[in-house]
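Residue numbers begin at 1 in each chain, while the letters A, B, ... track the order of the sequences. Because only heavy atoms are used, hydrogens play no part in the values below, and waters and symmetry mates are left out as well, while side chains stay in.
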There are 2 protein chains.
Amino acid sequence: MVELNAPQLDTVFHALGDATRRHMLHALAGGERTVGQLAEPFAISLAAASKHIKALENAGLIRREIRGRTHVCRLDPGPLASAHHWLSFYERFWTGRLDVLEMLLRAEDAGRSPTPEGEEQ
Amino acid sequence: MVELNAPQLDTVFHALGDATRRHMLHALAGGERTVGQLAEPFAISLAAASKHIKALENAGLIRREIRGRTHVCRLDPGPLASAHHWLSFYERFWTGRLDVLEMLLRAEDAGRSPTPEGEEQ
DNA sequence: CCTATATTCAACCCTATGGTTGAATTAAAC
DNA sequence: GTTTAATTCAACCATAGGGTTGAATATAGG
C-alpha cells in the first residue's frame with residue numbers, strides 16, 4: 001500500500017469531506033461512469049460536477065480516460081486504502097484491545113513533558 | 001459502532017483534512033492533553049490552535065473537560081471508527097477479493113442504463 | 001486583592017471552495 | 001459541413017477556512 005504523505009492525505013480527506021463527492025465515489029464503485037452520469041443525480045450544473053470530479057481526480061481517488069468526446073472515470077482505490085490505513089492507527093481505541101492500547105501508549109508517550117497520569121484509565 | 005450520516009461524515013472528514021488537526025489527534029492518542037499542550041508544537045497562535053481544537057470537538061473526534069482554567073482534551077474514537085467503517089466499503093477494491101468484488105458489482109449495478117462492460121477487468 | 005496563566009472571543013484579512021452562467025472546445029452524427 | 005452532444009473554461013459571486021492581533025474571561029497563586 002502506498003503511504004500518503006501529509007499533503008496527499010489533506011487532499012484525500014478533503015475530497016471525502018463532501019457528500020456529493022462521496023456519492024460519486026459510491027457510483028464509481030459500480031463501475032465506470034462518464035462525467036454526465038456522475039453529475040446526473042445532483043441538482044447542480046455540469047460545471048460544478050466537473051469541479052467535484054476534478055477534486056476527486058486531484059486526490060488520486062479516480063482516473064479519467066478520454067474516449068472521444070466523453071470522459072470515462074473509474075475508481076482508484078489506492079488513496080482510499082491509504083486513508084483506511086491511516087485510520088487503522090486509531091483502531092485500538094475503539095476495539096477492546098486495551099492490552100495493545102496500553103503497550104502502544106507507553107511506548108509512544110515515553111519521553112514527554114510532565115506526562116499526564118490519567119491515560120484514559 | 002455509530003453510523004454517521006452525511007453531514008457528520010462531512011465534518012469528520014473535513015476535520016481530518018488538515019495536517020495540524022491530524023497531528024493533534026495523534027498527540028491525543030498518547031493520552032489527555034491541554035489546549036496549550038496541543039498547540040505547542042505548531043508555529044501558530046493559540047487562537048488558531050483553539051479553532052482547530054474546536055473543529056475536532058465539533059466533529060466529535062475529541063471531548064473537552066474544563067478543569068479550572070485549563071481545558072483537558074481526550075480522543076473520542078467513535079467518529080474515527082465510523083470513518084474507518086465508511087472506507088471499509090471500498091476495501092474490496094484494494095484487496096485481492098475479486099470474487100466478492102464482482103458479486104457486489106453485479107448486485108449493485110443491476111438496473112442501470114447501458115451499463116458499461118469494462119468493470120475494472 | 002493583585003497578578004500571572006490558560007483559554008476564548010471578536011474583528012479583521014486573504015485565500016479557497018462551491019456554486020452560477022455563458023462561451024469555447026471537441027468529437028460524434030447526420 | 002452543419003448540427004448536436006459532452007465537457008471544460010473563464011469570470012464572477014457568496015461563504016467558509018485558517019491565520020493574525022488585541023481585548024475579555026476566568027481561575028490559580030502569592
Side-chain angles (χ1 to χ4, degrees), chain A residues 6-25 27-28 31-59 61-74 113-114 116 118, chain B residues 6-25 27-28 31-59 61-74 112-116 118:
Chain A
Q8 286 177 134
L9 272 181
D10 281 1
T11 66
V12 170
F13 278 128
H14 173 256
L16 295 180
D18 182 286
T20 300
R21 290 192 287 262
R22 287 196 305 276
H23 193 118
M24 286 176 167
L25 280 186
L28 288 168
E32 296 181 345
R33 298 287 185 269
T34 70
V35 168
Q37 288 175 323
L38 287 175
E40 184 267 326
F42 305 102
I44 59 177
S45 68
L46 245 130
S50 177
K51 286 188 193 176
H52 280 302
I53 291 168
K54 206 172 301 176
L56 290 168
E57 198 180 10
N58 215 264
L61 289 163
I62 71 177
R63 305 292 214 84
R64 179 193 309 242
E65 184 189 343
I66 300 177
R67 286 185 202 155
R69 66 183 163 183
T70 72
H71 295 203
V72 178
C73 304
R74 54 182 233 282
S113 43
Chain B
Q8 286 176 133
L9 272 182
D10 282 1
T11 66
V12 170
F13 278 127
H14 173 257
L16 295 181
D18 181 285
T20 300
R21 290 192 286 261
R22 287 196 305 277
H23 193 118
M24 286 177 167
L25 280 186
L28 287 169
E32 296 182 343
R33 297 287 186 268
T34 70
V35 168
Q37 287 175 324
L38 286 174
E40 184 269 326
F42 306 102
I44 59 176
S45 68
L46 244 130
S50 177
K51 285 188 194 176
H52 280 303
I53 291 168
K54 207 172 301 177
L56 291 168
E57 198 179 12
N58 213 265
L61 289 163
I62 71 177
R63 305 292 213 83
R64 179 194 308 242
E65 184 189 344
I66 301 178
R67 286 186 204 154
R69 67 183 164 184
T70 72
H71 296 203
V72 178
C73 303
R74 53 184 234 280
R112 185 169 269 283
S113 43
T115 304

Gap between atoms CG and P, on A:Leu56 and C:dT17 respectively (whole Å): 13 Å

Name the orientation class of the two ring planes belonging to B:His23 and B:Phe42 (parallel below 30°, tilted from 30 to 60°, perpendicular beyond 60°). perpendicular

Under a 4.5 Å cut-off applied to non-hydrogen side-chain atoms, are A:Thr34 and A:Leu38 in contact? no

Find the bend of the helix from C:dC1-D:dG30 to C:dC30-D:dG1 as the angle between its two terminal axes (five pairs each), to the nearest 10°. 20°

For A:His71, side-chain hydrogen bond (donor to acceptor under 3.5 Å, both in side chains) partners two or more places apart: A:Arg64

Taking side chain to side chain contact (heavy atoms under 4.5 Å, CB included) as the definition, give me every residue that meets it alongside B:Glu40, ordered by chain and number, with sequence neighbours left out. none

Figure out the CG/C1' separation between B:Asn58 and C:dT8, and round it to whole Å. 15 Å

For B:Arg63, the side chain to side chain contact (heavy atoms under 4.5 Å, CB included) test, sequence neighbours excluded, returns B:Arg74, B:Asp76

I need the CD-P distance between A:Gln37 and D:dA5, as an integer number of Å. 16 Å

Per-pair distances, 0.1 Å, donor-acceptor, side chain in residues 47-55 of chain B, under 3.5 Å, sequence neighbours excluded:
from    : atom 1 : to      : atom 2 : distance (Å)
B:His52 : ND1    : B:Arg21 : NH1    : 3.1

Can you find a side chain N or O atom of A:His71 that sits less than 4.0 Å from OP1 or OP2 on D:dA6? no

OP1, OP2 of C:dT7 versus side-chain N and O of B:Ser50: anything below 4.0 Å? no

Whole angstroms only, please: what is the CD1-P distance between B:Ile53 and D:dG17? 17 Å

Under 4.5 Å between any side-chain heavy atoms of A:Val35 and A:Thr70, yes or no? no

Its contact letters, B for base, S for sugar-phosphate only and - for none at protein heavy atoms under 4.0 Å, make nucleotides 18-30 of chain C read SBBB-----BB--

How long is the line joining CZ of A:Arg33 and C1' of D:dA6, in whole Å? 17 Å

Would you indicate whether the side-chain heavy atoms of A:Leu9 and B:Leu16 approach each other to under 4.5 Å? no

